[in-house]
**Student:** 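The structure is given below, and queries will be raised subsequently.
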Amino acid sequence: STYNFINVTQKGKVALIQFNRPKAMNALCDGLIKELNQVTQEIDGNPEYGSIVITGNEKAFAAGADIKEMQDKSFPQVQNIQMLASWENLTNIKKPIIAAVNGYALGGGFELAMMCDIIYAGENAKFGLPETTLGTIPGCGGTQRLIRAVGKSKAMEITLTGEFIDAQTALNYGLVSKVVPVSNLVDETLKVAEKIASFSKPVAALIKDTINEAENIGLREGVKYERKAFYSTFATQDRKEGMSAFVEKRKPSWTDN
Ligand code: HXC
């Protein structure tokens, strides 16, 4: 791997990205975020890939932004460098992204997981926004995405207390789609990612974009947005192929056109 803070592996049509700062609980330093942005952008443009899995190690997905890097910064500095703004780049990736969370997903680590399209948790996963314990608040969309994922009372509870929730609680809250034994998590996640990657890429991108848009706009505009996206699938070869294959009782063969 040509990266310092992540490992990237091709698994069939899936790109597996692993955070690789084990001694720092995968704290998300500037260098790591730069590498993540660079590689996700490359994968998005590479037709060999249909989906992305992001994971950490068995102890930590990521324990947040790098506190040691932030410690001495001043208000004018963080404003001037637009600290954390580039983290949002992940939300511009068109291919579906699944976060596979074992261990700690805290602060910025949790926020990054919430930018992904699906979250699966290992049985030992712990999610939290402990920024208040450091005298600060979430800065990568944590407050905004958590309330949309779990509702106001739970979002307030988690963020105001800084306490962690475990995998089962996260499942009950609807924050994650399933809980898997720690050692199976990455394989289970790769299976789903491979399935997603087996379909038409432009269609998957439309589904991802349309569902994510629901968090930005109201129902009436959302339904309109969806319908336009739906109509646009009629401009694709893959829509013709999918429906023809059904009628002809054969397997479709996607061309991503
Ligand atoms: C820098 C970190 C770190 C972090 C852990 N480490 N988290 N370094 N930034 N976010 C380092 C520790 O300093 C330590 O380094 C090594 O990783 C191992 O961590 P320990 O604390 O010794 O491990 P353990 O006792 O097992 O506890 C694990 C832990 C704890 C519960 C995850 O490390 C922890 O509470 N981390 C901080 C979590 C946090 O507050 N995250 C939010 C960050 S703020 P040494 O050198 O001592 O071995 C944030 C804001 C984002 O994300 C956006 C808004 C600003």
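In what follows, every heavy atom counts, from backbone to side chain, and hydrogens, waters and symmetry copies are set aside. As the structure lists them, so they are numbered: ligands from 1, and atoms in each ligand from 1.
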**Student:** With a 4.5 Å limit on heavy-atom distance, are the side chains of P181 and E188 in contact?
**Tutor:**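 A side-chain contact is absent here, since even the closest heavy-atom pair is not under 4.5 Å.
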
**Student:** Tell me who clusters with I217, hydrophobic residues only, linked when side chains sit under 4.5 Å apart either directly or through other members.
**Tutor:**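 Same cluster as I217: Y225.
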
**Student:** Output the set of protein residues with a heavy-atom contact under 4.0 Å to ligand 1, ordered first by chain identifier and then by residue number.
**Tutor:**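 Shell around ligand 1 (4.0 Å, heavy atoms): K23, A24, M25, A27, K59, A63, G64, A65, D66, I67, K68, M70, L84, Y104, L106, G107, G108, E111, P130, E131, L134, I137, P138, G139.
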
**Student:** Do D117 and N212 have side chains that get closer than 4.5 Å, going by heavy atoms?
**Tutor:** yes

**Student:** Would a hydrophobic clustering, with Ile, Leu, Val, Met, Phe, Trp and Tyr connected at side-chain separations under 4.5 Å, put I81 with L84?
**Tutor:** yes

**Student:** Return each pair, listed once, that meets salt bridge (charged side-chain N to carboxylate O under 4.0 Å, His left out) where at least one residue sits in residues 217-242; pairs must be two or more places apart or across chains.
**Tutor:** E241-R250

**Student:** Who passes ring-ring contact (aromatic ring centres under 6.0 Å, His included) against F127, sequence neighbours left out?
**Tutor:**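 With neighbours one apart ignored, the set is F110.
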
